[in-house]
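Here's the structure, in structure tokens; my notes come after.
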Amino acid sequence: MSYILLLDKINKSNFNQGKIEELYSILPEIIIIKDEPDFNPDIVGSCDVSYRSFAIVSYVAWSVSKRCVVEEITRKKEIPAEYIPGRFALRELPLIAEVLLEISSQIDCLILDGHGIAHPQMSGLASFAGVLFKLPTIGTAKNLLVGEYESPVLKRGEHSDIIYNLEKVGEALCTKDDTSPIFVSPGHLIGFESSRRLILELAINSKFPEPLRLADINARKSSL
DNA sequence: GCGACAG
DNA sequence: ATCTTGTCGC
Ligand SMILES: [Mg+2]
């Protein structure tokens with residue numbers, strides 16, 4: 001229903017490797033790192049992929065108000081491209097797009113495994129997804145691609161800025177006591193504050209946001 | 001040219 | 001990401 005926009009955008013963009021490559025250059029001008037007027041997400045979706053000789057993509061939708069999974073699907077796909085640091089969207093975005101086209105429930109915010117604007121050209125996977133799908137997106141990564149940070153105190157809720165070219169591009173966020181921080185960077189249509197708050201709130205059974213943790217588990221077990 | 005390098 | 005056993009800790 002609400003994915004007519006998604007379908008439309010993908011068709012207009014003639015979604016393919018070439019178009020993604022084109023978008024890498026103009027994405028910085030399109031990205032909006034600011035909350036939408038009444039940003040208060042309930043359905044938070046997340047996607048993750050397990051790679052073998054093929055790819056297993058899993059999508060999990062989590063309801064913040066109900067505190068439970070409201071939808072989840074897993075699909076086997078062909079791997080679109082090899083992994084190249086800084087060009088992750090070429091590999092994972094096509095897979096995510098295909099799976100999102102199949103879901104029926106709404107998505108108020110999408111959390112992805114990778115960076116948002118904490119990228120050389122502010123074009124991390126999450127930023128790419130946000131622009132293409134016209135959705136608020138947050139990038140959550142285990143490691144840094146670019147930038148520097150001072151480790152925050154290892155206490156849930158503590159955080160420090162990730163600085164790249166003298167600019168703040170994200171935060172190292174401790175989501176669990178005595179556990180190494182995860183890197184959070186807004187992708188599109190959301191700010192640093194809301195990104196941090198949502199990720200922290202969703203870090204329930206691990207240091208990672210619940211829907212992403214579950215998508216990772218689903219994808220991995222289905223790839224065996 | 002060397003080293004760094006999301007997943 | 002994946003290849004892989006044990007080990008430390010809650
Ligand atoms: Mg992943």
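Proteins get letters first, then strands, A, B, ... in listed order; numbering begins at 1 in each.
- Side-chain N or O atoms of Arg156(A) include none that pairs as donor or acceptor with a backbone N or O of Thr179(A) at under 3.5 Å.
- Expressed to the nearest 0.5 Å, how far CG of Leu101(A) lies from CD1 of Ile96(A) amounts to 12.0 Å.
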Exercise for review: Evaluate side chain to side chain contact (heavy atoms under 4.5 Å, CB included) for Ile190(A) paired with Glu36(A), printing each intermediate quantity in order.
Suggested key: CA-CA 7 Å; Ile190(A) 190 172; Glu36(A) 297 214 86; over 6 Å; no
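- Scanning residues 203-224 of chain A for heavy-atom distances under 4.0 Å to DNA chain B yields an empty list.
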Exercise for review: Any chance you could lay out the side chain to side chain donor-acceptor pair (under 3.5 Å) test for Ser194(A) and Asp35(A), step after step, and finish with the verdict?
Suggested key: CA-CA 7 Å; Ser194(A) 294; Asp35(A) 286 1; 2.3 Å; yes
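- Leu200(A) and Phe192(A) are members of different hydrophobic clusters when ILVMFWY side chains are connected at heavy-atom separations under 4.5 Å.
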Exercise for review: Evaluate side chain to side chain contact (heavy atoms under 4.5 Å, CB included) for His119(A) paired with Tyr24(A), printing each intermediate quantity in order.
Suggested key: CA-CA 11 Å; His119(A) 175 282; Tyr24(A) 263 113; 4.2 Å; yes
Review point. For DNA chain C, what dot-bracket results from Watson-Crick or G-U pairs at under 3.5 Å, with [ ] for crossers and | for inter-strand partners?
Key: ..........
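- The structure places CD1 of Ile31(A) at 10.5 Å from CD of Gln121(A), a figure rounded to the nearest 0.5 Å.
- If you measure from atom CZ of Phe54(A) to atom C1' of dT2(C), you get 12 Å, rounded to the nearest angstrom.
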Review point. How would DNA chain B look in dot-bracket form, 5' to 3', counting Watson-Crick and G-U wobble pairs with both distances under 3.5 Å and writing | for bases paired to another strand?
Key: .......
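- Counting only residues at least two apart or on different chains, the side chain to side chain donor-acceptor pair (under 3.5 Å) pairs with a member in residues 137-149 of chain A are Asp113(A)-Lys142(A).
- A salt bridge links Arg75(A) to Glu102(A): one of the charged nitrogens lies within less than 4.0 Å of a carboxylate oxygen.
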Check your understanding: For Ser63(A) and Asp42(A), what are the C-alpha separation, side-chain angles and deciding distance, and is it a side chain to side chain donor-acceptor pair (under 3.5 Å)?
Key -> CA-CA 5 Å; Ser63(A) 168; Asp42(A) 181 32; 3.3 Å; yes
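- Although no hydrogens or angles enter the test, the distance criterion places no donor-acceptor pair under 3.5 Å between the side chain of Glu171(A) and the main chain of His159(A).
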Practice item. Show your reasoning for whether side chain to side chain contact (heavy atoms under 4.5 Å, CB included) applies to Cys47(A) and Val57(A). Key: CA-CA 7 Å; Cys47(A) 247; Val57(A) 192; 4.3 Å; yes
**Study point:** Under 4.0 Å protein heavy-atom contacts per nucleotide of nucleotides 1-7 of chain B, with B for base, S for backbone only and - for none
**Key:** ----BBB
Review point. Which nucleotides of nucleotides 5-10 of chain C have their base under 4.0 Å from a protein heavy atom (B), which only their sugar-phosphate (S), and which neither (-), written as one string 5' to 3'?
Key: ------
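- Looking at Ser223(A), its side chain never comes within 3.5 Å of a backbone N or O of Lys221(A) through a donor-acceptor pair.
- When the side-chain nitrogen and oxygen atoms of Ser50(A) are compared with OP1 and OP2 of dT2(C), one or more of them lie within a distance under 4.0 Å.
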Exercise for review: Kindly indicate, with the supporting measurements, whether the criterion side chain to side chain contact (heavy atoms under 4.5 Å, CB included) is fulfilled by Leu212(A) and Trp62(A).
Suggested key: CA-CA 9 Å; Leu212(A) 180 57; Trp62(A) 177 271; over 6 Å; no
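- Taking CD1 of Ile111(A) as the reference point, atom CG of Asp48(A) lies at 12.0 Å (rounded to 0.5 Å).
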